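Heads up: the structure comes next, in structure tokens.
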Amino acid sequence: MTPTDNSDAGMSVSDEAIIDIKGMHKWYGEFHVLKDINLRVAKGERIVVCGPSGSGKSTMIRCINRLEEHQKGHIIVDGTELNDDLKHIDRIRREVGMVFQHFNLFPHLTVLENCCLALIWVRKMPRREAEEIGMKYLERVQIPEQAKKYPGQLSGGQQQRVAIARSLCMSPSIMLFDEPTSALDPEMIKEVLDTMIELAESGMTMLVVTHEMGFAKTVANRVIFMDEGQIIEENDPETFFSYPEHDRTKLFLSQIM
Amino acid sequence: MINQNSSLPDLPAPITNVGVIGWLRSNLFSSLSNTLLTLLAIYIIYLVIVPTVNWVFLDSDWVGESRDACTSGGACWVFIAARFNLFMYGFYPESGYWRINLAFAILVLLLVMLNIRQVPRKGWLAAFTLTGYPVIAFYLFSGGLFGLETVETSRWGGLSLTLVLSGVGIVASLPIGIVLALGRNSQMPIVKSASIVFIEFWRGVPLITVLFMSSVMLPLFLPEGTSFDKLLRAMIGIVLFESAYMAEVVRGGLAAIPRGQYEAAKALGLNYWKSMALIILPQALKLVIPGIVNTFIALFKDTTLVLIIGLFDLLTTVEAGFKDVHWLGYALEGYVFAALVYWIFCFSMSRYSQNLERKLHTGHAR
């Protein structure tokens, strides 16, 4: 199912900031990739980040769970400041689930083992209990029947849904999506988007880097446009798509719509 | 235009395209020059096979006690039979052969059990094979406990010594190699440079030098009166040398794992050691099984170099056998036998690795 408006009762947004990024900068060597990023994400909020390739949108969300290190500014996730303290990094990674463009499932493990692995080895959960949770989330993404298969035997869309289930098993309070549908064949995009929409309806806080503007229009509370390492414009989807303010936003929208 | 007849039936292929005839036609007799080459090859095979079969089987002597039994002009397998114990056990006392046999029988039993799917608690069994078994085997070989006669390592020899050297080499070089490979990929500068220095040093010297140094030079540096078993020194030399090679093979596997795998492991909250042990190494090692087994096979054959420090491995005992005045002139039989034994072990390792690759194959990459 596809919701048509954003004021759905199930999608409530509180005022409490679960992610707070203040004056964040990042460099790759000499190259200044992220410049003065300021972003507050409220609990339950669904944010779509878009922008041309190389604009730093993936890098930005990858900073939130420390797959990339920021050099200046602050990132606070659910009250924990992200710094070199490994305990902080661990605590934040517990809160934050991530879905990648190329799925990054573990090819040597079955679908169910992919889901259970972190529960068993990070949460120290008994195998049986972990498998129950794994099956619960595989059912939620509607592929319980593939549990015993290996990722290499699934289609791209199914793999991405397994990847979503794998993240959800750790019961994160925030989900990051890094271009989750970009590597998929067109006929498989919908099944992944439907899963994400279902997740959004359940009240999950989501940060989604995507070029799927239909998804942005129907699901997002806020759309952020980035270019050259900066947040150029942010607005609610209706305003963003109908009345873009910045020239670069207009240019970008004219190219992809 | 739309094809109305939307489902055309599958027709059988022409008889000349499939089966034995099809294969012969396309591979051996596809053109005039190909046909000539095929006939030439058959003739060459004939030239080689006939005398070999005659020498090995038809004209050979199998039974007897001494060289007087070898009268047919072909191979004298009597020599191998007569000195078989020397080739297997070296100068180990005859009354203790059962100890070596028992040690290898236990090993074979353990390996068979590890490869039967239904056996429960494989993890414990594997742990026992790697930790408990070597202790048992050591005491069986060297004695000194439970009233077993003590046998000095200098009396160990033959195939059993070859297997001890290569077994220890294989079991120890893989984990050390893995640690070195991880060290070489480490972010920590000291660990990284130490690993690089170690690997490049041991890869830069020939094994024969390592063995020579371990047996001749090392005692000069050790304080007076410390004696250090010669076999043990050779083992350490082989292990360090081979683990440097192993490290580079494993590093090749690590390099082939996409960065996304590391990232996914991190994002799930796995720490460095857990993500290595559970995610990265299982995939990397699987990728480099051919390279690992290649190193094992090379190691197995490299153990023959211990002859320069006076250890009697299989090849050395065979040579000692045909230098014996009673058996002078049967070097060819000796070498053929040694080659056959080495080949059987190396070929088994190769087949096992192919089998393992198939078993661990889990559908196509990411």
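Quantities reported herein were computed from a predicted structural model and do not represent experimental measurements. Chain naming here is simple, since letters A, B, ... match the order of the sequence lines and numbering starts at 1 in each.
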Inset, instruction - Against chain B, work out which of A/Leu176, A/Leu67, A/Asn65 has the most heavy-atom pairs shorter than 4.5 Å and name it. - result: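 Between A/Leu176, A/Leu67, A/Asn65, the count favours A/Leu67.
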
Legend entry - Options A/Lys149, A/Arg93, A/Gln101, ranked by heavy-atom pairs under 4.5 Å with chain B, top entry: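 The candidate making the most pairs under 4.5 Å is A/Arg93.
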
Please classify the contact of [X] with chain B as side chain, backbone, both or neither, using a heavy-atom distance under 4.5 Å.
| X | answer |
| --- | --- |
| A/Arg62 | side chain |
| A/Phe106 | both |
| A/Leu117 | side chain |
| A/Val99 | neither |

Legend entry - Listed partners of B/Phe347 passing ring-ring contact (aromatic ring centres under 6.0 Å, His included), at least two apart: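 ring-ring contact (aromatic ring centres under 6.0 Å, His included) check on B/Phe347 returns B/Trp343.
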
Inset, instruction - Could you please spell out the steps behind the salt bridge (charged side-chain N to carboxylate O under 4.0 Å, His left out) verdict for A/Glu198 and A/Arg140? - result: CA-CA 9 Å; A/Glu198 191 267 328; A/Arg140 182 153 168 200; 3.2 Å; yes

Which pairs of donor and acceptor atoms, one on a side chain in residues 175-202 of chain B, lie under 3.5 Å apart (sequence neighbours left out)?
residue, atom, partner, partner atom, Å
B/Arg184, NH1, B/Glu200, OE2, 3.1
B/Arg184, NH1, B/Glu248, OE1, 3.4
B/Arg184, NH1, B/Glu248, OE2, 2.9
B/Arg184, NH2, B/Glu200, OE2, 3.2
B/Ser186, OG, B/Met188, N, 2.9
B/Lys192, NZ, B/Arg184, O, 3.2
B/Ser193, OG, B/Pro189, O, 2.5
B/Ser195, OG, B/Val191, O, 2.8
B/Glu200, OE1, B/Arg203, NH2, 3.4
B/Glu200, OE2, B/Arg203, NH2, 3.3

Legend entry - Pairing of A/Asp194 and A/Lys190 as salt bridge, 4.0 angstrom limit: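 Yes, charged N to carboxylate O under 4.0 Å.
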
Inset, instruction - Sort out for me which of B/Lys286, B/Lys274, B/Arg259 touches chain A most, counting heavy-atom pairs under 4.5 Å. - result: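 The residue among B/Lys286, B/Lys274, B/Arg259 with the greatest pair count is B/Lys274.
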
Legend entry - Ring centre gap for B/Tyr245 and B/Phe241 strictly below 6.0 Å: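 Yes: the rings meet the under 6.0 Å criterion.
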
Inset, instruction - Look at the aromatic rings of B/Tyr342 and B/Phe300 and report parallel, tilted or perpendicular, splitting at 30° and 60°. - result: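 If you compare the ring of B/Tyr342 with that of B/Phe300, the planes turn out perpendicular.
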
